[in-house]
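Accompanying notes for the structure given below.
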Number of protein chains: 2
Amino acid sequence: MSTPTGPRAVHAADPDPAAREHPREVPPATVARLPVYLRVLRGLGERGVTTVSSEELAVASGVGSAKLRKDLSCLGSYGTRGVGYEVDYLVHQIGRELGLSQGWHVAIVGVGSLGRALANHSGFAARGTEVVALFDVDPDVVGQRVGGLVVRSAAALEADLDELRVRIGVLAVPAAPAQELCDRMVAAGVTSVLSFAPTELHVPAGVDLRTVDLSTELLVLAYHEQRKASSAAAARTAAPRCTDLLEGAR
Amino acid sequence: MSTPTGPRAVHAADPDPAAREHPREVPPATVARLPVYLRVLRGLGERGVTTVSSEELAVASGVGSAKLRKDLSCLGSYGTRGVGYEVDYLVHQIGRELGLSQGWHVAIVGVGSLGRALANHSGFAARGTEVVALFDVDPDVVGQRVGGLVVRSAAALEADLDELRVRIGVLAVPAAPAQELCDRMVAAGVTSVLSFAPTELHVPAGVDLRTVDLSTELLVLAYHEQRKASSAAAARTAAPRCTDLLEGAR
DNA sequence: GAGTGTGAACACGTTCACAGCT
DNA sequence: AGCTGTGAACGTGTTCACACTC
């Protein structure tokens, strides 16, 4: 996942003696959990809770308390020993770290059933991001009103993305046209891409890419099912007691 | 991602003396990549390719060749030194490892716009899994035909899931009812859950849970955007040359 | 007493480099 | 010669345990 070590090259012949460290370097695993903490904290705040301990917040977030404290300590010392964390303040700090309050402009390319679902999905446009445009190639879809926006023609992709200052693009198209549309988004100034296309995409250095592959998720579960099935079968032949393989949460 | 460290207990007071180790233990990180290799290999097969080297397959899959070889070596020695891997055979072996050809029965709970998109999504029902039922609480939705299936009432959830032998459940509902519906699926015999609900779910030991949180994905990208923006700003004040932060792939 | 912040130990995952087979 | 399979080195992420603070 990218190489967030500041503006420094990473190529082979570079001993990288003293890469000037940026003030705060948050590890990727932690970044991936911050949105979860944020959501849980907002929920607590709405229910009038003003203070939480790491243990409480950890349980509600489905992680261990030590991990949670270490994650939060990346952002600074925002807790009070013997007491816990102030909910509102923590929400503010996490939001700051994630770069919310910037209102990043997001565009969705591909208004099939998935694109439509994303456009309507409340909370997909989380606080801090705003879907400002939808694109599609199908002339029948172009011009339709979806989620309060009029679908634009993909022909105008570059011009529109540039004009709207879109930095984050969501790809909800089939595998075949995905790479080409991805390239065009990047050419138009998009530097972060979230793809739902079931194919491997290649992006130039400096562009962040995240891929959510729905069928992959299912196949991973199928693997676990198979393991459980064969374990159960093995246990059945061996011992009368079965179904007791435990697991952690998450 | 659960705790797939074999059939080993994780709870406090459980020494679990001799958890019988199963023949092959595939690390979770590898399991998550197998579906990608599988897709790439099928694509190659359809284009008439019969043999690939680890390097070629690695590039096409967006990983390093050493990683790929190590992943494949978990399944056995299916390559030929000096030559590469036979595409068809590898497809077969990966499919075997993932437990395809079992035709796992999948149910989707929640037929809003996202549930609809999933039901229609070709390839969401990947080979090896089959969506056999849709459920919703809304009486207006119940009875509708979606993706070739008639939407059932959530009232009959337990009975229907049990009767249809559903082991894998997909939750495409809002946060509020998610936990309750998850519990009911588990009570009806579901042992793997894929949730799209923006909330933390708790499942009993022995049940696998994967959560895909769309807004989290966006916020992670927002974080990277912010870093890029501030790096660029810093570089602009420091040196005349900018936009040269390199990055690895993925 | 209660609970945070953190070094130190540990587990997991990735990369390297090369031995060994075809 | 070419490419797989894998031990060994490395880096990242998690867990433990406790010093320190309120």
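Order of the sequence lines fixes the chain letters, A, B, ..., with proteins taken first and strands second; residue numbering starts at 1 for each chain.
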Exercise. Just how far, in rounded Å, is P of dG13(D) from CG of Leu34(A)?
Worked result: 13 Å

Problem set entry | Nearest heavy-atom neighbours spanning Leu171(B) and Ala178(B) | CD1-O, 3.7 Å

Exercise. Roughly, in whole Å, what's the span from NZ in Lys67(B) to C1' in dA17(C)?
Worked result: 18 Å

Exercise. How many Å lie between CD on Glu56(B) and C1' on dG2(D), as a whole number?
Worked result: 12 Å

For this session: Please report, rounded to the nearest Å, how far the C1' atom of dC12(C) is from the CG atom of Asp71(B).
Result: 14 Å

Exercise. Taking the side chain from Ser195(A) and the backbone from Ala197(A), do they hold a donor-acceptor pair closer than 3.5 Å?
Worked result: yes

For this session: Would you confirm whether Gln102(B), through its side chain, and Gln226(A), through its main-chain N or O, come within 3.5 Å as a donor-acceptor pair?
Result: no

Problem set entry | Gly99(B) to Trp104(B) - nearest heavy-atom pair and separation | O-NE1, 3.0 Å

Exercise. Would Val166(A) and Val190(A) count as a side-chain contact (heavy atoms from CB on, under 4.5 Å) if you check the C-alpha gap in whole Å, the side-chain angles of each, and the deciding distance to 0.1 Å?
Worked result: CA-CA 6 Å; Val166(A) 171; Val190(A) 166; 4.2 Å; yes

For this session: Would you please indicate if the ring centroids of Tyr78(B) and Tyr89(B) are separated by under 6.0 Å?
Result: yes

Exercise. Nucleotide by nucleotide, 5' to 3', does protein get under 4.0 Å of the base (B), only the sugar-phosphate (S), or neither (-) in nucleotides 1-11 of chain C, counting heavy atoms?
Worked result: -BBBBBBB---

